[in-house]
Participant: 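My questions all concern the structure below.
Each chain gets a letter, A, B and so on, in the order the sequences are listed, and its residues count up from 1.
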Amino acid sequence: MQIKDLAQNEGKVVTLNGWVANTRDSKGLVFIILRDGSGYCQCIADLNTIGEELFNKAKSLTQESSVSFTGKVVKDERQIGGYELHINDLKIFQLTHDYPITNKEHGVEFLMDNRHLWLRSKRQWAIMKIRNTIIYSIHNFFQQKGFVQMDAPLFTGNAAEGTTTLFETDFYGEPAYLSQSGQLYGEAMAMALGNIYTFGPTFRAEKSKTRRHLSEFWMIEPEMTFYDNDQNMDLIEEFLHFVVKQTLEKNQAEFEILGRDTTKLKDSLKPYIRVTYTDAVEILKSKKAVNGKTAKEVLENDLQNAKNRLSECQSQIKDYESQMSKPGLKKGQINYFTSKIAGLKTEIKELEEDLRNIPQWMESAANFEYGSDFGGSDETVLTRLFDVPVMVYNWPHEIKAFYFKRTEDNKFAKGVDVLAPEGYGEIVGGGERETNIELLMGKINEHKLPMEVFEWYLDLRRYGSVPHSGFGLGLERLVAWICKLDHVRETIPFPRMYGRLKP
RNA sequence: UCCUCAGUAGCUCAGCUGGUUAGAGCACAUGACUGUUAAUCAUGGGGUCGCUGGUUCAAGCCCAGCCUGGGGAGCCA
């Protein structure tokens, strides 16, 4: 019996196997929060019903001890899953001592060192459940549409294609590199099977230390034959709508654990904003208003709000401190005040960071040079103006990879970047591919890439070249946005990033 | 690679302009409490203040270098 199935077994006597997430006890009762991977359930050992021997056993239980409880399923609305178990028999597999992760706050480094145990925590559990829904929905979406999953190789023989640094390995004495993208292979597979998608790990050796970078991450790369970039954008939108909807349907409980306000996710189910790069630059430079407001005005307003909130926090702290200075306070009240103050201090740190950042963002947005790529702050500013993802398309071809198709006037690459709202930045990059072999070879030369490495790719243009498009979705960034997490390191069971190879 | 912030008990942190035996909460142990939702009460053990060197009568605090980590730039999903 699993905890998730308790609802169907009200009143019955069942056995639950799992781990002790937390305990509390008083004279004749022990409350044990049991987790079994499927959910959480409060189990109660009552001295009067189980007798002294079993009661003492229950009382001895520690965090993460592995146990088996048999008892009656009782409905109790106050409880996490809506049900509790009244124990009449219990067995201990192992009594755990000194479990490192307690019910208190921990720092990032400590938690990352204990990632193998951290995964047992409620928050991490919720994130992994949502990640699973997302993965399952991605397959569902493409399979329903008749896409064939085909995976690109992870070892590649050349370090070409772009500027990204790759991981070098030894392939039977020859240098080989871990793949940074399966796209070129995806194109070859699409020419064989029609619409395909890849779903696999991707490697970037950039020494990036930011909240949105991993050295190893999972990427989904669909490639569609006879699609232009408009159809590509239609598909991206339909696809992301589908995935978000699935998580909203299946993961309400998990969103609650994370404290994720889902109204913003629901808002994102409206049609996405589509702007050309040129228009996006105008918006960024406040030469063009959105809903009657320029970027500058919105940010100035944000800045003022942050200032107001900051002084509010400061006066609240003073308030708490004066209440604490009164004599005769109970320990519990002191704890309450100190934790409130600690929470406010964290908020103040965040607000102060905003106060430092926003003017910089404003400056960098105002001075943005047409023709360059958007930086992280530019993406934040742009998405701040909308409550749905923003698709920026038709980029200056100079800043995009060699394989993009150009617009008719030859000025722009028919690429599209999807920027997630709430400051999450780029989650999808894609576009229409160049079909003309002459133009493609010209671009390869322009980028000073070794032509011989791309001969097989050029064959795709020699033999039955057709219009086609595709995109790449970063799974972890999508999970981070949907769950509203501070960092992608929590979106994958064992993150691999600069400075982190263990556990 | 560069900028920036940090490193004090098992964990999270406090430690004033350098001044005597280094503090709290949680966790742990023991006891008290019949329904709790991380933070009820009492008692107790627990620290080479990241490392190395320097300034000083005196360094957790100041200076230099190094190590480790957080955030960001570049690059990107």
Participant: Specify the separation, in whole Å, of atom OH of A:Tyr498 and atom P of B:rC76.
Facilitator: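 In whole Å, B:rC76 P and A:Tyr498 OH are 19 Å from each other.
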Participant: Would you say A:Arg211 places a side-chain N or O within less than 4.0 Å of OP1 or OP2 belonging to B:rG72?
Facilitator: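 Indeed, a polar side-chain atom of A:Arg211 lies that close.
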Participant: Using a heavy-atom cut-off of under 4.0 Å over every strand shown, decide if A:Asp417 touches base, sugar-phosphate, or nothing.
Facilitator: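 No contact.
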Participant: Has the side chain of A:Gln42 got a donor or acceptor atom sitting under 3.5 Å from an opposite partner on the base of B:rU36?
Facilitator: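 Result: at least one qualifying N/O pair found.
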Participant: Using a cut-off of less than 4.0 Å, is there contact between a side-chain N or O of A:His487 and OP1 or OP2 of B:rG71?
Facilitator: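 A:His487 to B:rG71 OP1/OP2: side-chain N or O found under 4.0 Å.
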Participant: For a quick check, tell me whether the side chain of A:His213 and the base of B:rC75 share a donor-acceptor pair closer than 3.5 Å.
Facilitator: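 Present.
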Participant: Look at A:Arg489 and B:rG69 and indicate whether a side-chain polar atom (N or O) is within less than 4.0 Å of OP1 or OP2.
Facilitator: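 Answer no for this pair, as no side-chain N or O of A:Arg489 is under 4.0 Å from OP1 or OP2.
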Participant: Would you kindly check whether a donor in the side chain of A:Arg477 faces an acceptor in the base of B:rC76, or vice versa, at under 3.5 angstrom?
Facilitator: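 Per atom types, the contact qualifies.
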Participant: Does B:rG70 have OP1 or OP2 sitting under 4.0 Å from an N or O in the side chain of A:Lys209?
Facilitator: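 For A:Lys209, the contact criterion (side-chain N or O under 4.0 Å from OP1 or OP2 of B:rG70) is met.
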Participant: Of all the choices, B:rG35, B:rC75, B:rU34, which nucleotide is nearest to the side chain of A:Arg212 once you look at every atom?
Facilitator: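 Among the listed nucleotides, the one closest to the side chain of A:Arg212 is B:rC75.
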Participant: Please say which of A:Glu432, A:Lys405, A:Glu187 ends up in a side chain to side chain contact (heavy atoms under 4.5 Å, CB included) with A:His468.
Facilitator: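 Output: one option passes, namely A:Glu187.
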Participant: Which nucleotide in the set B:rC11, B:rG70, B:rA39 lies at the smallest distance from any side-chain heavy atom of A:Phe110?
Facilitator: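 Minimum distance to the A:Phe110 side chain belongs to B:rC11.
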Participant: Looking at A:Phe167, I'd like to know if its CZ atom is crowded, meaning that more than 12 non-hydrogen atoms belonging to other residues, nucleotides or ligands lie closer than 6.0 Å.
Facilitator: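 Check passes, neighbour count above 12.
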Participant: Any side-chain N or O of A:Arg500 under 4.0 Å from OP1/OP2 of B:rU68?
Facilitator: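 False: A:Arg500 side-chain N/O out of range (4.0 Å or more) of B:rU68 OP1/OP2.
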Participant: Ring of A:Phe31 versus six-membered ring of B:rG35: centres under 5.5 Å and planes under 30°?
Facilitator: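 Not stacked by the 5.5 Å and 30° rule.
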Participant: I'd like to know if A:Glu84 reaches the base of B:rG35 with its side chain, counting only an N/O donor and acceptor under 3.5 Å.
Facilitator: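 Present.
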Participant: For B:rU43 versus B:rC26, give the span between their P atoms, rounded off to a whole number of Å.
Facilitator: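 Those two atoms are separated by 12 Å.
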Participant: When you measure only distances, ignoring hydrogens and angles, does the side chain of A:Ser208 come within 3.5 Å of the base of B:rG74 through a donor and an acceptor?
Facilitator: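 Looking at the base of B:rG74, it does pair with a donor or acceptor on the side chain of A:Ser208 (distance under 3.5 Å).
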